[in-house]
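So the structure is just underneath, and the comments pick up after that.
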Amino acid sequence: MHKFANPVRFNRLANTLLPWTFALTVTLFAAGLYYALYASPPDYQQGDSVRIMYVHVPASSLSLAIYVFMAAASAAFIIWKHPLAVLAAKAAAPIGMVFCGLALATGSIWGKPMWGTWWQWDARLTSMLVLFFLYLGYLALWQVMEDSNKAAKISSILALVGVVNIPIIKFSVEWWNTLHQPSSLIREGGSAIDPSMMTPLLLMLAAYGLYFVTVLLWRMKAEMAEKRLELALREKASWS
Amino acid sequence: MVMMLLNILPSFERYGEFVWSSYSLSLGALAILAILSWRKKIVLEKRLEKITVKKSKT
């Protein structure tokens, strides 16, 4: 892991990976959407509304996973002072925030026909909303602080403190009596989802995951270019 | 591929506004984020290239 903290090596690796991750993301989205909208059956109780699951579950799972990734990258920055680690966390935050926003929005849209309400202040929904605000707060810290070293330190601390919310989101449906259903994908005794619905769900999960990798690499390369640009401009200003 | 897409499209009407709005919102947001991220990378890399070329000339 440490050898990829070198920006030149990282750039070389990203340039090799990007065409493959991009092509795979498009292919998986095409296959996933075909299964989600066409090849999978409607649910016996929910009817065609169950198809919302194929965009809602990947968005919410990835928004949790991205936050854990950000916390791990922030920890690497605090412990080893790797500048690439904090760039990775910073680049991942907008993607995580969009996924979290989508999970909340599609969950709300799914809730209306299923529960009869757009929103309920139950433990799962509220803790997801807290996660959205953590993402927002993390990005706001980078925006308001002029000193990027200070912003990196403080935002890393926020990412590490906020990770406490992840197990709360995951186990909220077991610890409290919630309107949101308990976990049906990863649970004791195996998954409760029929294989005909599992195929599109896994395809969409893989598509969302690879989408994250592709966009993260783009954003990290952009962040690195911005840093080098800042340095070049500062150097130029010191000459003149 | 085109036939497959054409087969899927009418089902939006059958699935109703909840499914339709979830998919269009999700795919739209993901497409916008991807385009903005890719564009940011291209613009910054080009600007950096310009500055480095200028610097090496001087």
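The structure displayed is predicted, hence computed values, not measured ones. Scope of the values below: all heavy atoms of this structure, side chains included, with no hydrogens, waters or symmetry mates. Numbers restart at 1 for each chain; the letters A, B, ... are given by sequence-line order, proteins then strands.
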(message) Using side-chain heavy atoms (C-beta onward) and a distance below 4.5 Å, is A/Phe99 in contact with B/Ser26?
(response) no
(request) Output the distance between atom CD1 (A/Ile95) and atom CG (B/Leu33), rounded to the nearest 0.5 Å. (result) 6.0 Å
(request) Sort A/Leu102 into side chain, backbone, both or neither according to what part of it lies under 4.5 angstrom from a heavy atom of chain B. (result) side chain
(request) Please examine the side chains of B/Glu45 and A/Lys221, heavy atoms only from C-beta on, and report whether any two atoms are closer than 4.5 Å. (result) yes
(message) Tell me if the CH2 atom of A/Trp20 is crowded by more than 12 foreign heavy atoms within 6.0 Å.
(response) no
(message) Give me the atom names and distance for the closest heavy-atom approach of B/Leu44 to A/Glu226.
(response) CD1-CB, 4.0 Å
(request) Give the minimum heavy-atom separation between A/Leu37 and B/Val19, together with the two atoms involved. (result) CD2-CG1, 4.4 Å
(request) Taking all heavy atoms of A/Tyr211 and all of B/Ala34, pick out the closest pair and write down the distance. (result) OH-N, 3.4 Å
(request) Write out, in numerical order, the residues from residues 103-112 of chain A with a heavy atom short of 4.5 Å from a heavy atom in chain B. (result) A/Ala105, A/Thr106, A/Ile109, A/Lys112
(request) Determine the option with the most heavy-atom pairs under 4.5 angstrom with chain A, choosing from B/Leu27, B/Leu30, B/Ile42, B/Leu25. (result) B/Leu30
(request) Can you see which heavy atom on B/Lys41 is nearest to which on A/Ala222, and at what distance? (result) CA-CB, 3.7 Å
(request) Inspect the surroundings of OH in A/Tyr35 and state if more than 12 heavy atoms from other residues, nucleotides or ligands are less than 6.0 Å away. (result) no
(request) Would you mind checking which part of A/Leu233 comes under 4.5 Å of any heavy atom in chain B, side chain (CB onward), backbone (N, CA, C, O), both or neither? (result) side chain
(message) Going by ring-ring contact (aromatic ring centres under 6.0 Å, His included), name the residues that satisfy it together with A/Phe212, two or more places apart in sequence or in a different chain.
(response) A/Phe69
(message) Within a 6.0 Å radius of atom CH2 on B/Trp38, are there more than 12 heavy atoms belonging to other residues, nucleotides or ligands?
(response) no
(request) For the pair A/Glu223 and B/Lys40, find out whether any cationic side-chain nitrogen is under 4.0 Å from an anionic carboxylate oxygen. (result) yes
(request) Compare every heavy atom of A/Ile52 with every heavy atom of B/Ser22, then report the nearest pair and how far apart it is. (result) OG-CG2, 3.5 Å
(message) What's the separation between atom CE in A/Met114 and atom CZ in B/Phe18, rounded to the nearest 0.5 Å?
(response) 8.5 Å
